[in-house]
Amino acid sequence: QVQLVESGGGLVQPGGSLTLSCTASGFPFPWYIMSWYRQPPGRERQLVMSINTNGDTTNIKDSVKDRFTVSRDNAKHTVYLQMNNLKPEDTARYYCNARAYDHDYWGQGTQVTVSS
C-alpha cells in the first residue's frame with residue numbers, strides 16, 4: 001500500500017533545469033521527513049537535501065546549495081526538488097525517501113542525466 005513515485009527526470013544540458021516530483025500514498029505523509037537522495041553511476045547513494053514536517057529545509061548537500069530547492073505540498077502528498085544550473089556531476093538516479101522515527105520508505109527513483 002505504501003508507495004513513493006518519482007517523476008520528472010530526463011536528459012538535460014549543463015545549465016538547464018529540471019523539477020522532480022515524488023507523490024506518496026499509503027502513509028500519513030505530513031508526519032514524515034522527506035528527503036531526496038541520489039546515486040551517481042558507480043557510486044553510493046548520497047543525501048541531497050531534506051524537508052521536515054514544518055517545511056524547513058535541512059541536510060543540504062554542499063554541491064547543490066544555491067542550485068537546488070526542496071519543497072512539499074502536504075495536501076497533495078508530494079515533495080518536489082527544483083534543480084537549476086545543472087552540472088554533469090548532478091547526473092544520478094534520484095530517489096525520494098520518507099522517514100519516521102523508526103522506519104522509512106523509498107521510491108523507485110528517476111534518472112537525471114546532464115550532458116552536452
Side-chain angles (χ1 to χ4, degrees):
Q1 187 176 30
V2 170
Q3 193 170 20
L4 294 172
V5 180
E6 301 96 333
S7 62
L11 176 64
V12 63
Q13 294 186 346
S17 298
L18 285 174
T19 299
L20 306 183
S21 298
C22 171
T23 299
S25 60
F27 64 95
F29 178 88
W31 295 99
Y32 283 70
I33 297 172
M34 302 301 299
S35 297
W36 287 98
Y37 288 75
R38 69 186 186 186
Q39 186 168 18
R43 298 180 61 187
E44 296 182 351
R45 191 173 300 182
Q46 57 194 230
L47 178 62
V48 177
M49 56 177 50
S50 302
I51 183 166
N52 67 19
T53 57
N54 296 127
D56 302 316
T57 301
T58 62
N59 300 324
I60 304 172
K61 184 176 177 63
D62 287 343
S63 60
V64 308
K65 186 178 181 180
D66 300 323
R67 297 190 298 118
F68 290 13
T69 302
V70 64
S71 60
R72 68 190 294 165
D73 186 333
N74 285 342
K76 295 182 178 179
H77 286 204
T78 300
V79 63
Y80 305 92
L81 183 66
Q82 182 180 334
M83 305 184 295
N84 299 320
N85 191 24
L86 284 160
K87 304 177 183 297
E89 54 263 40
D90 296 318
T91 294
R93 191 164 186 87
Y94 284 71
Y95 296 89
C96 178
N97 172 269
R99 182 177 295 272
Y101 73 99
D102 64 346
H103 65 276
D104 60 358
Y105 305 118
W106 291 92
Q108 83 292 338
T110 185
Q111 180 68 35
V112 173
T113 301
V114 184
S115 177
S116 60

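How far CG of D73 is from OH of Y80: 5.0 Å, rounded to the nearest 0.5 Å. Interatomic distance, L81 CG to C96 SG, rounded to the nearest 0.5 Å: 10.0 Å. Distance NE2/H77 to CD/Q3: 13.5 Å, rounded to 0.5 Å. Atom CD1 of I60 and atom NZ of K65 lie 6.5 Å apart (nearest 0.5 Å). Atom-to-atom distance recorded for T57:OG1 and N52:CG is 8.0 Å, nearest 0.5 angstrom. In this structure, CZ on R43 lies 11.5 Å from OG1 on T91, to the nearest 0.5 angstrom.
Not counting sequence neighbours, R93 has no partner by the salt bridge (charged side-chain N to carboxylate O under 4.0 Å, His left out) test. Applying the side chain to side chain donor-acceptor pair (under 3.5 Å) criterion to Q111, with sequence neighbours excluded, gives T113. Partners of R45 under the side chain to side chain donor-acceptor pair (under 3.5 Å) rule, at least two apart in sequence or in another chain, do not exist in this structure.
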(request) For the pair R38 and V64, evaluate side-chain contact (heavy atoms from CB on, under 4.5 Å) and give the outcome as yes or no after the intermediate values. (result) CA-CA 12 Å; R38 69 186 186 186; V64 308; 3.7 Å; yes
(request) Take Y37 and Y94, measure what ring-ring contact (aromatic ring centres under 6.0 Å, His included) needs, and give me the verdict at the end. (result) CA-CA 6 Å; Y37 288 75; Y94 284 71; over 10 Å; no
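You'll find the side chain of V48 stays beyond 4.5 Å of the side chain of S35, heavy atoms only. In this structure, the side chains of N97 and W36 stay at 4.5 Å or more apart for every pair of heavy atoms. The closest side-chain heavy-atom distance from F68 to M49 is below 4.5 Å. Side-chain contact between Q46 and P40 is present, with at least one heavy-atom pair separated by less than 4.5 Å. A heavy-atom distance below 4.5 Å is found between the side chains of I51 and V79. In this structure the side chain of L20 reaches within 4.5 angstrom of the side chain of V112, judged on heavy atoms.
The two residues P30 and R72 make their nearest non-hydrogen contact at CA-NH2, 3.9 Å. Minimum heavy-atom separation, G109 to E6: N-OE1, 2.9 Å. Closest of all the heavy-atom pairs between V114 and D90 is CG2-CB, 4.3 Å. Heavy-atom minimum distance, P14 versus S116: CD-N, 3.7 Å. Residues F29 and N74 approach most closely at CE2-OD1, 3.1 Å, considering heavy atoms. Taking all atoms of both residues into account, the shortest heavy-atom contact from R67 to L86 is NH1-CA, 3.8 Å.
By the criterion of side-chain heavy atoms lying less than 4.5 angstrom apart, applied directly or through intervening Ile, Leu, Val, Met, Phe, Trp or Tyr residues, V70 is not grouped with Y95; the two fall into different hydrophobic clusters. W31 and Y105 fall within a single hydrophobic cluster, where Ile, Leu, Val, Met, Phe, Trp and Tyr side chains are chained together by heavy-atom contacts under 4.5 Å.
The neighbour count for D102 CG, taken as heavy atoms of other residues, nucleotides or ligands under 6.0 Å away, is above 12. A 6.0 Å sphere centred on NZ of K61 holds more than 12 heavy atoms belonging to other residues, nucleotides or ligands.
Side-chain atoms of S50 and N59 include a donor-acceptor pair closer than 3.5 Å. Looking at H103 and Y32, their side chains do bring a donor and an acceptor atom within 3.5 Å of each other. Inspection of the N84 and S17 side chains reveals an N or O donor paired with an N or O acceptor under 3.5 Å.
The backbone N or O of D56 sits nowhere less than 3.5 Å from a side-chain atom of N54 that would complete a donor-acceptor pair.
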